[in-house]
Amino acid sequence: MHEFAVCRDMLQQIESIVAEEQAAMVDVVTVRIGPLSGIEAHLLSQAFPLAAAGTVAEKAELFIETLPI
């Protein structure tokens, strides 16, 4: 599942930002996805909780914005 790998990479970036900002956790993650990205929004939303388990974004809500071409 390609979307799970995308989530893992995204969470690595989130962890880096959280450390840099000295934050404790993340409440909301917003992602913008274009139609040519090759990412299926519904699969990304299913993969996110699995990938986020045990991270600072474990309880974060994922918002996906779909962009036009």
Side-chain angles (χ1 to χ4, degrees):
M1 177 190 274
H2 150 115
E3 282 75 6
F4 186 77
V6 170
C7 284
R8 282 195 333 226
D9 290 343
M10 183 173 59
L11 286 161
Q12 286 179 346
Q13 292 178 11
I14 290 168
E15 294 270 355
S16 175
I17 293 167
V18 165
E20 185 177 299
E21 297 294 326
Q22 299 177 348
M25 63 186 317
V26 176
D27 295 324
V28 175
V29 175
T30 302
V31 180
R32 294 179 179 175
I33 299 175
L36 302 178
S37 67
I39 297 172
E40 296 289 333
H42 70 282
L43 294 177
L44 188 70
S45 66
Q46 290 175 350
F48 183 78
L50 299 173
T55 72
V56 294
E58 183 171 32
K59 296 181 181 180
E61 190 170 355
L62 177 66
F63 290 104
I64 300 173
E65 296 177 6
T66 304
L67 301 176
I69 291 180

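Starting from 1, each residue takes its place in the sequence as its number. Any value given below was found using the heavy atoms of this structure, including those in side chains, with hydrogens, waters and symmetry copies removed.
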Item checked: Point-to-point distance, once rounded to the nearest 0.5 Å, from CD1 of Ile33 to OG1 of Thr66 ->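 Between atom CD1 of Ile33 and atom OG1 of Thr66 there are 6.5 Å.
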Checklist line | Pairwise distance CD1(Ile64) to CD(Glu40) - rounded to 0.5 angstrom | finding: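 Output value for this atom pair is 10.5 Å.
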Contact between [X] and [Y] at the side-chain level, heavy atoms closer than 4.5 Å - yes or no?
X: Cys7; Y: Leu44; answer: yes
X: Asp27; Y: Glu61; answer: no
X: Asp9; Y: Gln13; answer: no
X: Val31; Y: Leu62; answer: yes
X: Thr30; Y: Glu65; answer: yes
X: Val28; Y: Phe63; answer: yes

Shortest non-hydrogen contact from [X] toward [Y]:
X: Val56; Y: Ala24; result: CG1-O, 3.8 Å
X: Gly34; Y: Ser37; result: O-OG, 2.9 Å
X: His2; Y: Gly38; result: NE2-O, 3.8 Å
X: Leu67; Y: Arg32; result: CD1-CB, 3.7 Å

Notebook entry, point to check: Would you say Glu3's side chain and Ile39's backbone share a donor-acceptor pair under 3.5 angstrom?
Noted result: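 The answer is no, because no donor-acceptor pair under 3.5 Å joins these two groups.
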Check: Would you say Glu21's side chain and Ile17's backbone share a donor-acceptor pair under 3.5 angstrom?
Finding: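 No; zero donor-acceptor contacts below 3.5 Å.
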Margin query: If you apply the rule side-chain contact (heavy atoms from CB on, under 4.5 Å), what do you find for Phe4 with Gln46, and how did you get there?
Written below: CA-CA 9 Å; Phe4 186 77; Gln46 290 175 350; over 6 Å; no
